[in-house]
Amino acid sequence: MLTTHLLAIFLISAIVSHSKALRFPQELYNLSSNQIFIVDNLSRPPSSSASPTPLLSPAVSSPLVPALFIIGDSTVDCGNNNYLGTFARADRPPYGRDFDTHLPTGRFCNGRIPVDYLALHLGLPFVPSYLGQTGELEDMLHGVNYASAAAGIIFSSGSELGQHISLTHQIQQFSDTYQQFVLSLGEDVAIDLISSSVLYISIGINDYIHYYLRNVSNVQNLYLPWGFNQFLASTMRQEIKNLYNTNVRRFVVMGLPPIGCAPYYLQRYKSNNGECVEEINDMIMEFNFFTRYMTDELLHELPDAGIIFCDVFQGSMDIIRNHKNYGFESTANACCGLGKYNGWMMCMSPQMACHNASDHIWWDQFHPTDAVNAILADNVWSSRHTEMCYPMNLEKMVFSQSLNNLV
């Protein structure tokens, strides 16, 4: 049977489901009707131009887990960098133009980021940014997003853009949240809440964009790509163990996307017809290989831990190669930017953006459109379009561990 503590967690979640936890600058709910908008079309993932269909509550009637906690970089930052002194900000139009509020929120996308879609699958409201909430208990019970644009596994990655919250610092913030749960709910309830929730990690791409590929501190002469990838994976391994020691038991570890196909590198490496930069993608595939092997080792090393690795490179390349089947027209050009492939200059004004982002794979120099994010999130959740998560998808992990709790 479910433990008394776990039942208490879901009771608390129900009580605060319409509380101050929803009141953020990036508010997603219409509080007068408690509606949230989601599009579901089996023939095509949700697109930015589609007319939303209102549903009462998120994608399921009640939460499948107490909370979703997010650690990462700009791929999942929902507004933390809005509060930092940095050039890595997405708090101006046209960012967010196709979002539920049609306003910029700090998400590096025209609309939703992957964790927004996963929150709906889990029956949770969109997760608020750590720096955007008040710090009160009810603000954090459904989860907290600690992600920070430009952050990397290496502490100094992305520092040339200004302030950011490093991986180590994000984990410390998560630990602080856990301690607040202990003080407010009691240790047993806090442990059950954290161990029954999902922690999503998406970080590492800035260690290439802002560190290795820029050859900061002459790193390329100190590390061949193979050794650099091993270093990153081993660092990530230790941080996951640290999180396990803070009673996290359900992990989603995301691999890295094919940035060799990103508009920025297509223009920088003078791609003729939108061909991806293979030397960059080779490094990314190596990192993903090491990370998948590392997570497999941790599954055997850490008792009662559920860890899945999702190969974003694999899922993204499936979209690029089969773009017509997914309804995309442009595979190389960013919707918003300037220069060849719109990759020379970052997205800075609405006038730089294309009319319809839903037929583009790339939104700006580095980030995909919300239509791509929807596909990747579906793959993480249920392998809907392609198998990219190992040893199972998130849906199977959530339901298999829930059944174990009932035994």
Side-chain angles (χ1 to χ4, degrees), residues 41 43-49 73-76 98 108-114 117 202 204-205 208-209 213 254-289 291-292 309-337 339-344 346-347 353-354 356-390 393:
N41 187 321
S43 63
R44 173 172 171 104
S47 71
S48 57
S49 61
D73 50 31
S74 60
T75 58
V76 286
D98 303 310
F108 284 75
C109 188
N110 61 302
R112 298 175 179 178
I113 51 179
Y117 290 104
S202 178
I205 204 66
Y208 296 90
I209 295 173
L213 293 174
M254 302 300 292
L256 302 183
I259 57 165
C261 304
Y264 174 82
Y265 286 112
L266 296 186
Q267 65 83 26
R268 183 175 178 183
Y269 283 73
K270 298 179 171 56
S271 174
N272 292 321
N273 299 302
E275 302 93 346
C276 300
V277 182
E278 295 302 324
E279 63 186 270
I280 295 178
N281 281 350
D282 286 345
M283 286 189 287
I284 301 304
M285 285 191 289
E286 274 186 4
F287 172 85
N288 288 349
F289 170 82
T291 305
R292 179 178 173 181
F309 168 75
C310 296
D311 193 335
V312 182
F313 186 99
Q314 179 182 341
S316 299
M317 291 307 296
D318 174 68
I319 296 171
I320 292 172
R321 291 166 181 154
N322 301 296
H323 61 277
K324 293 290 186 182
N325 295 337
Y326 288 104
F328 295 112
E329 296 296 329
S330 178
T331 63
N333 293 316
C335 173
C336 189
K340 191 172 183 180
Y341 302 112
N342 282 338
W344 176 64
M346 64 185 295
C347 180
C354 67
N356 181 17
S358 66
D359 62 7
H360 282 63
I361 287 178
W362 299 99
W363 164 247
D364 61 15
Q365 291 176 307
F366 295 108
H367 303 99
T369 58
D370 67 348
V372 171
N373 288 337
I375 297 169
L376 296 176
D378 280 345
N379 290 340
V380 173
W381 175 246
S382 64
S383 307
R384 177 178 177 183
H385 305 283
T386 187
E387 292 276 354
M388 61 177 246
C389 296
Y390 310 93
N393 56 50

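None of these values were measured; they are calculated from a predicted model.
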Exercise. To the nearest 0.5 Å, what is the distance between CD1 (Ile319) and CG (Asn325)?
Worked result: 11.5 Å
Exercise. Taking all non-hydrogen atoms of both residues, which atom of Trp344 and which atom of Gly339 are closest, and how far apart?
Worked result: CB-CA, 3.9 Å
For this session: With the side chain counted from C-beta on, respond yes when Val372 and Phe328 share a heavy-atom pair under 4.5 Å apart, and no when they do not.
Result: yes
Exercise. Pro368 and Asn373: which non-hydrogen atoms are nearest, and at how many Å?
Worked result: CG-OD1, 3.4 Å
Exercise. Within the distance-only criterion (no hydrogens, no angle test), does the side chain of Asn393 pair as donor or acceptor with the backbone N or O of Cys389 below 3.5 angstrom?
Worked result: no
For this session: Might you point out which heavy atoms bring Gly343 and Gln365 nearest each other, and give the distance in Å?
Result: O-NE2, 3.0 Å
Exercise. Is it true that a side-chain atom of Asn342 and a backbone atom of Asn333 form a donor plus acceptor pair closer than 3.5 Å?
Worked result: no
Exercise. Quick one: does Asp73's side chain have a donor or acceptor within less than 3.5 Å of a partner on Thr75's backbone?
Worked result: yes
Exercise. OH/Tyr117 to CG/Asn379 distance, rounded to the nearest 0.5 angstrom?
Worked result: 13.5 Å
For this session: Quick one: pull up CG in Asp359 and SG in Cys354 and give me the separation to the nearest 0.5 Å.
Result: 6.5 Å
Exercise. Is the shortest heavy-atom distance from the side chain of Ile284 to the side chain of Asn288 under 4.5 Å?
Worked result: yes
For this session: Would you name the heavy atoms of His323 and Glu329 that are closest together and state the gap between them?
Result: CD2-O, 4.4 Å
Problem set entry | Ala377 versus Pro114, closest heavy-atom pair with distance | CB-O, 3.7 Å
Problem set entry | Thr291 side chain near Leu256 side chain, heavy-atom distance below 4.5 Å | no
For this session: Output the distance between atom CD1 (Ile113) and atom CG (Leu376), rounded to the nearest 0.5 Å.
Result: 12.5 Å
For this session: Flag the pair Met254 / Val380 as yes when at least one side-chain heavy-atom distance between them is below 4.5 Å, and no otherwise.
Result: yes
Problem set entry | Derivation and outcome, side chain to side chain contact (heavy atoms under 4.5 Å, CB included), residues Val277 and Ser271 | CA-CA 8 Å; Val277 182; Ser271 174; 5.6 Å; no
Exercise. What distance separates Ile361 CD1 from Ile375 CD1, expressed to the nearest 0.5 Å?
Worked result: 8.0 Å
Problem set entry | Side-chain touch Cys261/Asn281, heavy atoms, less than 4.5 angstrom | yes
Exercise. Would a distance-only check, ignoring hydrogens and angles, find a side-chain to backbone donor-acceptor pair under 3.5 Å from Lys340 to Leu266?
Worked result: no
Problem set entry | Heavy-atom closest pair, residues Ile320 and Pro258 | CD1-CG, 4.5 Å
Seminar exercise, completed: Residues passing the side-chain hydrogen bond (donor to acceptor under 3.5 Å, both in side chains) test with Gln314, sequence neighbours excluded, are Tyr390
Problem set entry | Which residues share a disulfide bond (SG atoms under 2.5 Å apart) with Cys336, sequence neighbours left out | Cys347
Exercise. Does a side-chain heavy-atom distance below 4.5 Å link Tyr265 with Ile209?
Worked result: yes
Exercise. Do Tyr208 and Phe287 have side-chain heavy atoms sitting under 4.5 Å apart?
Worked result: yes
For this session: Determine whether His385 and Asp378 make a side-chain contact, defined as any pair of heavy atoms from C-beta on separated by less than 4.5 Å.
Result: yes
Exercise. So, Tyr341 side chain and Gly274 main chain: donor-acceptor pair closer than 3.5 Å or not?
Worked result: yes
For this session: Using distance alone, with no hydrogens and no angle criterion, decide if Asp370 and Asn110 have a side-chain donor and acceptor under 3.5 Å apart.
Result: yes
Exercise. Can you check whether Cys335's main-chain N or O pairs, donor with acceptor, with Trp362's side chain at less than 3.5 Å?
Worked result: no
For this session: Determine the interplanar angle of the Phe108 and His367 rings, folded into 0 to 90°, and report it as parallel if under 30°, tilted if 30 to 60°, perpendicular if over 60°.
Result: tilted
